[in-house]
Amino acid sequence: MGHALNNTIQDIYIRFKKMQGFEALWMPGTDHAGIATQNVVEKKLASEGKNKESLGREGFLKEVWKWREEYGSTIINQLKRLGCSCDWTKTRFTMDKGLSDAVLEVFIRLYKKNLIYRGHYIINWCPRCKTALSDEEAQHRDVNGMLYHIKYPVEGGGHVVVATTRPETMLGDVAVCVNPKDKRYKHLKGKTAVLPILNRKLKIIFDKKVDPKFGTGILKVTPAHDPVDFELGNIHKLEPINMMNADGTINEAGGDFKGMDRLEAREAIIEELKERDLFVKSEPHKHAVGHCYRCHTMVEPRLSKQWFVKMKSLAKPALEAVKKGKIKFYPKRWTKVYINWMENIRDWCISRQIWWGHRIPVYYCRKCVQNDKIQNEEGIIVSRIKPDRCPHCGSTEIEQDPDVLDTWFSSWLWPFSTFGWPEKTEELKYFYPTNVLVTAQEIIFFWVARMIMAGMEFMKDIPFEDVYIHGTVRDDTGTKMSKSLGNIIDPIDVINQFGSDALRFSIISITAQGQDVFLSPEKFKVGRNFANKLWNASRFVMMNLKEESIKKDLCRAPDDPALTLADKWILSRFYEMLGDFTKSLTIYRINDAANRIYEFVWHEFCDWYLEIAKSTITQPHTQVTLYRILEKSLRVLHPIMPFITEDIWQRLPREHDADSIMITNLPRMQKEFISKKVDSEMKLLIDVIQAIRNLRATSHIKHDKQVDVFIKAKKKNIPSILNANITYINKLARVGNLNASTRMKKPPHSAVSIIDNMEIFI
RNA sequence: GGGCGGGUAGUUCAGUUGGUUAGAACGGUUGACUUACAUUCAACAGGUCACAGGUUCGAGUCCUGUCCCGCCCACCA
C-alpha cells in the first residue's frame, strides 16, 4: 500500500503537468533487490528440495532470472492497475545492460579517485542472509536485554567483574580494559586476567574509552565483534579472535560451544559460569540492537574484509546543493534530517556476500595474494572484464571477487544511468536534472541522499529539484504495514473491491502533507462514494443534455444577462476551486487539492446547483452551465481519478479535438468569473434555505407540507435579493408564500430563527 | 544521549503568514424511497484545542516550561 500511495502521488503530478502542457516523463522501473530476491529464491528452492550450493553460482542465477521473469512484473502490473501513466517503452531494471555498465564505470572511476577501498573492519553481519550490511541496512530497535556480570579470575589471586550484554562474545575476548583514572582498579596494572572456561590469558589494558560509570567499569575486549573493542585492539596491538561462523554459530575458537547458535551459546555459557561460581548477576538492560532490514534477524558486529566507499568528499557538494536551496524537501523538516546525516556521514560498506547483483569488478592474482593478505594493492586488478594476466607478475591465475555490490550502488545512479550515462545521450541532456522525486522517509538515506551525491559527482549537477516525502502507511492501530507482519492491505484487493479511482482518491484525501497514513479497508469508501456521486451526477446531466443547446460560447458569460444567479455562482465557485486546486498541488498539499474538488463537486455542484438546475433544466443557460461545469470538473479531477473521468468524458458531447481526456489541457483560469458579490448573494439564499429547513425540522413539519415564511431583514437589499430568487427558496425549502421586508412584526403562532441580518418566521 | 512528529468532537484527523461563531469524515440521534445517486438527501447533538505560565487589542496557531504517545539517529560494553 505504500507503493500505491507513492505511485498515486507520482501519477497525479505526471498527469497534472501533462495537462498543463509540459512534456512530463515518468520512467518506470525496478531494482533487483539483491538480498530480498536472493532470499525469496532460496526459499523457493528449499521448498523444492534444492539449494543454491548444489546449483552453483551460474545455475542459481539462472533460477533468479527465471523467478524475476515470472514474478518481477508484479510491480509493473500493479502500476498499470493503478492507472499510472508511465512511459512503458522506457521501463528500466537495475540489472539491465546499460545500467550495469554504469555501475562498472562508477566503481572504476571511484576506485581510481581513491574513493573506493578494501578494508578489514567491524561491519554489520546478518547471520541469516550471511552477508555484510551497510549501517543503514542494520536498523536499530530497542531490545529489553540483560546486562550480565561475570567474574574473570586474575592471575595471582582475586578476580575482576566485567559487565556485558553479549556473554557469548567472551569466546573472542583478548583483553580486559579499565579507565586509567579509575582508582578502584589501579592494582590491576601489569596483571593478567584469565578467560573463564577457555582459560585464555587476557592482558589487562588501560584506556579512557572505558566509562567507569557503566556496569562495573571493566570492559571485556572482543576486537572481532565490537566496534569499540576493535579500536582498542588496534591501539593496544591485540590480535582479534573471530569466534563466529557466517551463520551465527560458534566456530572452533569457541571450544566445546562450537556449532551452537550464538544465542544458544549464550544460555549454555551462563549455565556453565553459574556452575563454576563465576556468574555474579544479571540485570535488565534496555539497549538498541541492529536488525537486518530484510529478514529482521539480529545482526552481529563482525570483523570482516569488505569494500567501502569513502563518503566525506562525495557528501560535500551534495550537502551544499541542499543548503543553498537548489534541492528542496517537502515538508521542509526533512532538510534538517538530511543535513544532519550528511554532516556525520560514514563510509559505505558496498560488498555483499550474495550472488544476485552486480559482481564486484575486482580480480585477484593468486600469486600476488599470499595467505589472503594483500600487500600494497598488488594483486588487486580493477577491471571491466577479466584480465588475462596479472599486470604485476604476469600470472594467469586470476579470479574475480566473489561478492556483489549493494543494490543501492546501482540505484543511486538511477537519475542518469537510465538515460544511457556515461554516454551523452539526447535524453540525458533533455531530461536531466529532473523535477521531482516522490518517496518515503525511510528512503532518504538509502536512496535520496546517495542519488544527490552521485548526481553531483558524475553529472556535476543535482538529480532533481524537489523531494516530496510522503508519510508511512500504517494500519489503524498505527503499526507500519509490512509483509512480514501480515498487516498489509493489498492494493489489488482494494482495486477489485472499490476500484482504482476509489483507492487513489481515498488514500490521497486522507494523507496530509508528510503525515503518516492510518488505513483500514473502511476508509476506501470515501473514494468509492465520491466516484458513485460523480457518476450519478454525470448521468443526470447527460440524461437532460441536448447537444445543440450547449454549443454556446461562455466567454462573455460573466455579463451574460441570460445567466441566473445560480449559474454565475457555480461558475464563480468553480474558478475559485480551480485556483485553490492548482495552488495546492504546486506546493505539494495534495490532500487539500483532492478535498477541495470533492467539496466543490459534491457540496456545491451536486447539493445546490443541480437541485436548482432541475427547475430550469431545459433552458439554454442551465444546459450550457451544467455541461461546462461538469466537463471542466472532469478535467480538473482527472489527475486524481483518471478512469472514471475518462469514461464519463468519452460519453459527453465532444468539443475538443482530443480523443482522450488524458491529452486535454486543464481548464484555463478565468478570474473574471470569480465574483464576491455573486457568492455573497447566493450564500444569503443558502443561509435562508437552511434556516427554514432547520425550523421545519425542529417544528416537526412534514417534509411535503408547504409553509409560509416571513422574513424581517435588517438590510435594505436583502428583500430584493430574496424576491428575485424566490423560486429557489420555494423549491428547496418547500415554501408557499414568502414575505420579506425590513419592517415586520412577528406573526402569531410562529417559530423563529435568527441568522445574520434577519429574523425568519414560519 | 541527540533530533523530529504528534496530543483539537465518541473515533480518525484538517485548521497554511495570530483575526469574527474552531471544521470535515466516520460514528450517534431524528426525519425522508423529494422524478441522478440509500454508496443518497435533510436536520440535530458532540470541543476548557494535553497542562501551566508568558507575548498580544486578540492565541488552537507565537515563546518558555511540564506531562504523555510515536518515530528517527547515536560504538555506553
Side-chain angles (χ1 to χ4, degrees), chain A residues 122 135-136 139-141 145 147-148 162-167 169 177 209-222 225-232 285 287-288 290 301 331 333-334 336-337 340-341 344 346 441-442 444-445 471-472 474 476 478-480 498 502 506 509-520 522-544 583-584 587 589 591-592 595 598-599 602-603 606-607 610-611 613-614 617 689-698 700-704 731-734 756:
Chain A
I122 297 276
D135 292 334
E136 294 67 45
Q139 300 180 326
H140 289 264
R141 279 209 299 269
L147 187 62
Y148 302 90
V162 302
T164 177
T165 54
R166 292 182 295 152
T169 61
C177 187
K209 282 192 197 305
V210 177
D211 178 0
K213 289 193 226 57
F214 187 90
T216 59
I218 303 183
L219 173 72
K220 61 187 232 18
V221 182
T222 324
H225 297 282
D226 184 278
V228 177
D229 296 12
F230 177 70
E231 272 181 58
L232 286 173
H285 179 72
H287 61 141
R333 65 173 184 273
W334 296 110
K336 252 198 227 169
V337 175
N340 185 51
W341 189 74
N344 297 294
R346 296 191 293 169
Q441 59 199 58
E442 61 262 32
I444 294 176
F445 306 142
T472 305
R474 302 176 181 280
D476 49 3
T479 314
K480 188 169 162 178
F498 298 102
S506 304
S509 76
I510 60 175
T511 305
Q513 187 184 51
Q515 290 303 122
D516 288 353
V517 196
F518 293 77
L519 270 190
S520 61
E522 278 297 292
K523 300 212 169 160
F524 296 105
K525 286 184 180 169
V526 179
R528 181 201 58 180
N529 293 359
F530 184 46
N532 185 252
K533 188 75 181 175
L534 184 69
W535 179 257
N536 281 304
S538 305
R539 206 159 58 91
F540 172 76
V541 172
M542 286 185 282
M543 273 164 51
N544 291 288
K583 192 183 170 207
S584 294
I587 58 173
R589 299 183 67 94
N591 62 318
D592 285 354
N595 292 329
Y598 175 93
E599 179 70 22
W602 198 310
H603 298 301
C606 292
D607 286 356
L610 280 189
E611 291 307 320
K614 280 176 183 172
I617 193 78
I689 290 166
Q690 286 181 329
I692 297 169
R693 283 172 176 169
N694 181 349
L695 282 175
R696 296 181 57 113
T698 50
H700 300 291
I701 295 167
K702 287 231 155 137
H703 91 278
D704 52 350
K731 177 151 192 293
L732 298 177
R734 292 180 186 270
D756 276 357

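So you know, we letter chains A, B, ... as the sequences are listed, proteins then strands, and number each from 1. Computed from a prediction, not measured in an experiment: that's the story for all the values here.
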Of the listed nucleotides B:C44, B:U16, B:A25, the one nearest the side chain of A:V526
B:A25
So A:A531, base contact, sugar-phosphate only, or nothing? Heavy-atom distance under 4.0 Å.
nothing
The side chain of A:R346 lies closest to which of these nucleotides: B:C71, B:A74, B:U40?
B:A74
Separation of B:A25 atom P from A:Y598 atom OH, nearest Å, is 7 Å
Mind checking the P distance from B:U30 to B:U66? Whole angstroms is fine.
49 Å
Measure CZ/A:R333 against P/B:G3 and give the value in whole Å, please.
17 Å
Where the side chain of A:A288 is defined as all heavy atoms beyond and including C-beta, which of B:A74, B:C72, B:C41 is the nearest nucleotide?
B:A74
Classify A:R528 by what it touches in the nucleic acid, base, sugar-phosphate, or nothing, heavy-atom distance under 4.0 Å.
base
To the nearest angstrom, how far is A:E136 atom CD from B:A74 atom C1'?
13 Å
With rounding to the closest Å, how many angstrom separate the C1' atoms on B:A24 and B:U8?
13 Å
Look through every strand shown and name the nucleotide pairing with B:G58 as Watson-Crick or G-U wobble, where both distances are under 3.5 Å.
none
When both distances are under 3.5 Å in a Watson-Crick or G-U wobble arrangement, the nucleotide paired with B:U16 is none
Scan A:H225 against the nucleic acid and name what it touches under 4.0 Å (heavy atoms): base, sugar-phosphate only, or nothing.
nothing
Could you state the atom-to-atom distance from CG of A:N340 to P of B:C73 in whole Å?
11 Å
Measuring from the side chain of A:R734 (C-beta onward, heavy atoms only), which nucleotide among B:A77, B:U34, B:C75 has the closest atom?
B:U34
note: A:L610, atom CG; B:A36, atom P; distance rounded to Å ~ 10 Å
Per atom distances to the A:D211 side chain, the nearest of B:A36, B:C76, B:C4 is B:C76
Measure the distance from CD on A:Q139 to C1' on B:C71 and round it to the nearest whole Å.
12 Å
Would you confirm whether A:N532, through its side chain, and A:R528, through its main-chain N or O, come within 3.5 Å as a donor-acceptor pair?
no
Quick one: is A:Q690 getting a side-chain N or O under 4.0 Å of the B:A43 phosphate, OP1 or OP2?
yes
Which part of the nucleic acid, if any, lies within reach of A:V210 when heavy atoms closer than 4.0 Å are counted: base, sugar-phosphate only, or nothing?
base
Taking atom C1' in both B:U64 and B:C44, what distance in whole Å separates the two?
42 Å
Any base atoms under 4.0 Å from A:C606, or only sugar-phosphate, or nothing? Heavy atoms, all strands.
base
Taking the same atom, P, in B:G10 and in B:A45, what whole-Å distance lies between them?
15 Å
Taking for each residue the nucleotide of RNA chain B with the nearest heavy atom, is it A:A697 or A:N536 whose nucleotide lies nearer the 5' end?
A:N536
Quick one: which of B:C44, B:U16, B:A36 gets closest to the side chain of A:N694?
B:C44
Here the distance between atom C1' of B:C41 and atom CG of A:N529, to the nearest Å, is 14 Å
Considering every strand and a 4.0 Å limit on heavy-atom distances, what is the contact class for A:I122: base, sugar-phosphate, or nothing?
nothing
Complementary nucleotide for B:G1 - Watson-Crick or wobble, under 3.5 Å:
B:C73
Given B:U39, B:A36, B:C75, which nucleotide is nearest the side-chain atoms of A:V228?
B:C75
Using the C1' atom in both, what is the distance from B:G53 to B:A14, to the nearest Å?
28 Å
B:A22: pairing nucleotide in any strand, Watson-Crick or G-U under 3.5 angstrom:
none
Under a 3.5 Å limit on both distances, the Watson-Crick or wobble mate of B:U64 is B:A52
Give A:K533 one of three labels, base, sugar-phosphate or nothing, depending on what nucleic acid heavy atoms sit under 4.0 Å from its own.
base
More 5' along RNA chain B: A:P227 or A:K614, using each one's nearest nucleotide?
A:K614
P gap between B:G2 and B:A74, integer Å
16 Å
Starting the side chain at C-beta, find the nucleotide from B:A77, B:C37, B:C72 nearest to A:E611.
B:C37
Matching residue for A:D226 among A:K209, A:R166, A:K220 - test: salt bridge (charged side-chain N to carboxylate O under 4.0 Å, His left out)
A:R166
Closest approach to the side chain of A:R589, judged atom by atom: which nucleotide of B:A42, B:C4, B:U16 is it?
B:U16
Please work out if A:M543 contacts a base, only the sugar-phosphate, or nothing of the nucleic acid, heavy-atom cut-off 4.0 Å.
sugar-phosphate
Taking 4.0 Å as the cut-off, does a side-chain nitrogen or oxygen of A:W602 come that near to OP1 or OP2 on B:C41?
yes
A:D607 near the nucleic acid: base, sugar-phosphate alone, or nothing, with a heavy-atom cut-off under 4.0 Å?
sugar-phosphate
Of the candidate nucleotides B:A43, B:A25, B:A36, which contains the atom at the shortest distance from the side chain of A:H603?
B:A25
Which value, in whole Å, describes the distance between the P atoms of nucleotides B:G27 and B:U11?
16 Å
Contact class for A:R696 (heavy atom, under 4.0 Å): base, sugar-phosphate, or nothing?
nothing
Sticking with atom C1', work out how far B:C69 lies from B:A50, rounded to a whole angstrom.
11 Å
Paired with B:C44: which nucleotide, if any, by Watson-Crick or G-U wobble criteria at under 3.5 Å for both distances?
B:G28
Roughly, in whole Å, what's the span from CG in A:D229 to C1' in B:C76?
11 Å
